[in-house]
Amino acid sequence: MRRAGGRGRPGRVEELAAAVAGGDGAAACDLLLPDAADALAADEGEPCADVVAAPDGPLAALAAAGDDLVVEDVHVAGRQAQVVTATDTLFLAVSGDGWMVTAAGCTPREDRPYDCEVEA
């Protein structure tokens with residue numbers, strides 16, 4: 001996995017990309033904030049692990065990047081971070097001892113908050 005600029009905590013994003021690319025939905029869901037994993041499961045009516053591992057699931061672009069994931073930019077503000085990849089924008093927050101993904105599959109909208117496929 002390659003990084004292009006930025007600093008902060010893209011490691012969780014790289015772990016998430018590897019998990020979904022490898023079809024390990026359980027590992028991917030473990031990297032999500034529990035509220036985000038629960039919301040995703042509730043929205044889709046299926047367990048989080050099944051949803052994120054689906055080839056056409058909400059993290060398909062991240063899965064497609066796999067080992068070729070390029071982190072283009074990282075913005076850290078205290079206990080929150082935004083990680084921009086070539087195919088996705090993700091948001092993270094410090095929870096307990098480490099960073100957790102709070103939103104993924106996010107696309108910007110003009111003059112409005114991001115639209116995210118996975119969010120708490």
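Below, each value reflects all heavy atoms present in this structure, side chains not excepted, and no hydrogens, waters or symmetry copies.
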Pair listing, disulfide bond (SG atoms under 2.5 Å apart) test, anchored in residues 62-95, at least two apart: none
Asp38: partners by side chain to side chain contact (heavy atoms under 4.5 Å, CB included), with sequence neighbours left out: none
Side chain to side chain donor-acceptor pair (under 3.5 Å) partners of Glu119, counting only residues at least two apart: none
Closest approach of Val76 to Gly78 (non-hydrogen atoms, all atoms of both residues): CG1-O, 3.8 Å
Shortest non-hydrogen contact between Ala28 and Val20, atoms and distance: CB-CG1, 3.6 Å
Of all pairs that satisfy side-chain hydrogen bond (donor to acceptor under 3.5 Å, both in side chains), the ones with a partner from residues 100-115, not counting sequence neighbours: Gln82-Tyr114
Contacts of type side chain to side chain contact (heavy atoms under 4.5 Å, CB included), residue Ala54, not counting sequence neighbours: Asp56
Same apolar cluster: Leu62 and Val51, side chain cutoff 4.5 Å: yes
Verify same cluster id: Leu33, Leu31 (apolar side-chain graph, 4.5 Å): no
Pairs involving residues 42-90, ordered by first then second residue, that meet disulfide bond (SG atoms under 2.5 Å apart) (sequence neighbours left out): Cys29-Cys48
Nearest-0.5 Å distance that lies between atom CG in Asp35 and atom CG in Leu40: 12.5 Å
pair Asp73-Val71: side-chain heavy atoms closer than 4.5 Å: no
Minimum heavy-atom distance Ala26-Ala49, with the two atoms named: N-CB, 3.6 Å
Minimum heavy-atom distance between Leu32 and Met100, given as atom pair plus value: O-CE, 3.0 Å
ILVMFWY clustering at 4.5 Å (side-chain atoms), partners of Val84: none
Exceeds 12 heavy-atom contacts within 6.0 angstrom, atom CD of Glu46: yes
Atom pairs and distances, donor-acceptor, side-chain atoms in residues 85-95, under 3.5 Å, two or more places apart:
| residue | atom | partner | partner atom | Å |
| --- | --- | --- | --- | --- |
| Thr85 | OG1 | Thr87 | N | 3.2 |
| Thr85 | OG1 | Asp88 | N | 2.9 |
| Thr85 | OG1 | Asp88 | O | 3.1 |
| Asp88 | OD1 | Gly105 | N | 3.0 |
| Asp88 | OD1 | Cys106 | N | 3.0 |
| Asp88 | OD2 | Gly105 | N | 3.1 |

Qualifying residues under side chain to side chain contact (heavy atoms under 4.5 Å, CB included), relative to Asp30, sequence neighbours excluded: none
